[in-house]
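Structure record follows, encoded as C-alpha cells.
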Amino acid sequence: MKVLLLGGGGREHALAWKLLADDPSLELICAPGNAGIAEICDCVPLKATDINGLAAFAQRAEIELTVVGPEGPLEAGIVDLFSQSGRRIFGPTHRAARIETSKAFAKKMMGKARVATAAASLHKDMGDAKRAVRQSGTPVVIKASGLAAGKGVVVARSVEEADRAIEMILGERIFGEAGAELLVEEFMAGEELSMFAITDGENVVPMLPAQDHKRLLDGDIGPNTGGMGAYAPVSLASSALTQQITDTILLPTLAALRDAGHPFTGLLYAGLMLTAEGPKVVEFNCRFGDPETEAILPLMKSSLLELVHSVASGESLRDAEPIEWLDAHAATTVIAAPGYPDAPCTGDTIRLPPCPNGIHIFHAGTRRDATTGELITAGGRVLAITGVGDSLAEAAACSREYAELVTFDGKQMRRDIGWRELERNARAS
Ligand code: AMP
Ligand code: GLY
C-alpha cells in the first residue's frame, strides 16, 4: 500500500517508524519529512500546508492513504479536499478540527456536551477582557482563541500580567487573527494528562495516557513550549479513570460534534487537568500530540496502520479490539535549539553517538547539509529521544543519558522527565 504522511517533526518520525513496523512492505512517502524520516522512507519537498500541491501529488503518485500529522493542513481543509475526490485520509474536516483551531468553538461544544472544563468568558474588547480578569481574580489564564503554535496561553499570576497579555493578544495582535478573540479562563490546579483516542466519529479506541512536560525548565518552570518531554504509562490514569474520561469527556464531545453537523473522525486528543473535582479539559487537539506520540508509539503492540486505515475508509470502530501495549515504560527527552521557544537559533552541526538498545532517536528539526552530509539543526525542537525500560526510572535514565551525549551549540534539554511519577513511586515505596 502507498501511504503519504504529512509533517516533519518528531511526531511524524515516530508515526513513520510505527507504520513501517506494522507493515514493512509499506510504500511510505513523507511531505516534507526531516533528516531522520528520510533515513526510513522517501520524502517530497512539499509543505504540509500546501494542500493543493499535496492533492496533485497524491493523485500523480496514486496514494491510497494519507495520514496527517500537524493541525495546519487540517485547519486548511485538507480532509475536505481529499474526501471530495474520494481519496482516503485520516483526520477531521476543517469544521470538526475547530475543536482545536477555535477555543471559542471548543468551549461551545463542551458546554453543549456538559463536559467539565474551566469556566471562561470570550472577549473581543480589551476593556471587557480586563474587567473579566478583575472579576475572576488571580491566577487567571488568558488564551488566544485561534492557533498560536502552543504559545497563545498565559497563566497570569497578577492582574498586571493578565492585562499585559490582553494588550499583546488583542491590541498588538502578536498572534495575528488568532488573537482577534481571547478567553479569560479560570485557573485549574492539578496534574496534566494527555489522552488520545482514535475515533470513527462515534466510537473511540483510547490510547495509553501520557504526561507531557510543557515548561522549558526542570521542575516545570520557565515559559510554555510545545513540549519538552513525555512519559507513559501514567499511574494516575487507572483503567477506571480512563473509562471515566471516555464516558464523560470523549464520547459526549463527539456526540456534540455530530449533533452540530461536524462529526469528528481521526485522532482526538484531550489535554486534561486532574483536579480535586475530577478530570477537566484544558484543551482539545485534533491530531496526535508531540512529544507524547514519541513516548506512546514505541509501547504499542497492535497495528496503528490497521486502525488508521479503518477510520480513513469510513469503517465503524464499534467492534474494534482494545489496543495492546507492551508491559514496559517509555520516557522521551526533547532536545531543543538555543533560543527555543521564543527565537530558536538553527544551522548548527549535530553529533549523534551510536544508538544503543532500548533507545529510539526521533528527529524533529533536522536536515542534512547538501554538500557535507552533516546533520544540521533546522527547528526549535531538534530531536526526541525515547528510552524504553522495565520501569520509568530505567526508561528516563536511558533517555536522559543518551540525550546528554548528543552535542550541538547551545543545546537545551530537561533532565527531570517523569519527575512527578518518580516522586509518586518513591512515596509509595
Ligand atoms: P493549552 O494551549 O490550552 O494546552 O495551554 C497550554 C498550557 O497552559 C497547558 O498545558 C497548561 O499547562 C496551561 N493551562 C492552560 N489552561 C489552563 C487552566 N485553565 N488552568 C491552569 N493551567 C492552564
Ligand atoms: N504536546 C502538546 C501538543 O502536542 O499540543
Side-chain angles (χ1 to χ4, degrees), residues 7 9-12 14-15 68-72 74 97 99-107 110 116-121 132-133 136-157 162 165 169 175 178-179 182-196 207 209-217 220-232 267-277 279-297 332 334 336 341 362 364 380-381 384 414 417 420:
R11 163 185 51 209
E12 287 76 21
L15 285 166
V68 186
E71 62 281 9
L74 298 169
I99 199 73
E100 168 170 2
T101 63
S102 163
K103 289 185 193 291
F105 176 77
K107 284 285 181 198
M110 285 188 268
T117 183
S121 54
V133 164
S136 94
T138 53
V140 65
V141 184
I142 311 297
K143 294 186 176 182
S145 178
L147 283 183
K151 294 182 196 161
V153 175
V154 175
V155 179
R157 304 276 153 191
I169 295 173
F175 303 118
L182 62 70
L183 276 79
V184 173
E185 187 171 284
E186 169 202 2
F187 174 81
M188 299 185 286
E191 272 197 49
E192 288 183 64
L193 188 73
S194 302
M195 187 155 156
F196 302 171
M207 300 185 79
Q211 195 168 59
D212 191 4
H213 296 57
K214 288 249 168 65
R215 302 299 195 99
L216 182 67
L217 303 172
D220 292 334
I221 57 171
N224 261 324
T225 69
M228 292 298 290
Y231 69 91
L267 188 291
L268 182 63
Y269 162 157
L272 304 160
M273 192 70 80
L274 304 180
T275 73
E277 297 105 59
K280 293 188 182 180
V281 175
V282 177
E283 62 163 354
F284 279 112
N285 291 318
C286 61
R287 36 95 196 154
F288 288 91
D290 193 348
E292 296 96 318
T293 301
E294 292 95 301
I296 292 172
L297 293 186
T332 301
V334 168
F362 295 122
R381 289 187 289 177
R414 282 182 60 163
I417 302 306
R420 291 174 189 275

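All residue numbers in this chain count up from 1 along the given sequence. Just follow the structure's listing: the first ligand is 1, and inside any ligand the first atom is 1.
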Counting from 1, what ligand 2 atoms have a heavy atom of [X] closer than 4.0 Å?
| X | answer |
| --- | --- |
| N285 | 5 (O) |
| K214 | 2 (C) |
| R287 | 3 (C), 4 (O), 5 (O) |
| D212 | 1 (N), 2 (C) |
| G226 | 1 (N), 2 (C) |

Is there side-chain contact between [X] and [Y], with at least one heavy-atom pair below 4.5 Å?
| X | Y | result |
| --- | --- | --- |
| M195 | L272 | yes |
| F196 | I296 | yes |
| M188 | V282 | yes |

**Study point:** Any side-chain donor near an acceptor of the partner, E292 and Y269, under 3.5 Å
**Key:** yes
Check your understanding: So, Q211 and E192: side-chain donor and acceptor under 3.5 Å apart, yes or no?
Key -> no
Can you name the atoms of ligand 1, numbered from 1 with element, that are less than 4.0 Å from a heavy atom of [X]?
| X | result |
| --- | --- |
| N224 | 7 (C), 8 (O) |
| K103 | 2 (O), 3 (O) |
| K143 | 3 (O), 15 (C), 16 (N) |
| F187 | 20 (N), 21 (C) |

Check your understanding: With respect to I142, which candidate in V133, V155, V153 satisfies the side chain to side chain contact (heavy atoms under 4.5 Å, CB included) definition?
Key -> V133
Strictly under 4.0 Å, does any heavy atom of [X] approach an atom of ligand 2?
| X | result |
| --- | --- |
| Y269 | yes |
| R11 | no |
| G289 | yes |

Practice item. I would like to know whether R215 and M228 meet side-chain contact (heavy atoms from CB on, under 4.5 Å); could you show each step before the answer? Key: CA-CA 7 Å; R215 302 299 195 99; M228 292 298 290; over 6 Å; no
**Study point:** Test: E283 and K143 ion pair at under 4.0 Å
**Key:** no
Point to revise | Salt-bridge criterion met for E294 and R11 (N-O under 4.0 Å) | key: no
**Study point:** T225 (side chain) donor-acceptor with K214 (main chain) under 3.5 angstrom
**Key:** yes
Point to revise | Rounded distance (nearest 0.5 Å) linking atom OG1 of T117 with atom NZ of K103 | key: 10.0 Å
Review point. Out of E192, M273, M188, who gets a non-hydrogen atom closest to atom 12 (O) of ligand 1?
Key: E192
Revision key, fill the gap. To atom 5 (O) of ligand 1, the nearest of T117, V154, V140, V153 on a heavy-atom basis is V153
Review point. Taking non-hydrogen atoms only, is E185 closer than 4.0 angstrom to ligand 1 via side chain, backbone, both or neither?
Key: side chain
Point to revise | Contact partition for E186 relative to ligand 1, non-hydrogen atoms under 4.0 Å | key: backbone
Review point. Hey, does E283 come in under 3.5 Å of ligand 2, counting only N/O atoms on both sides?
Key: no
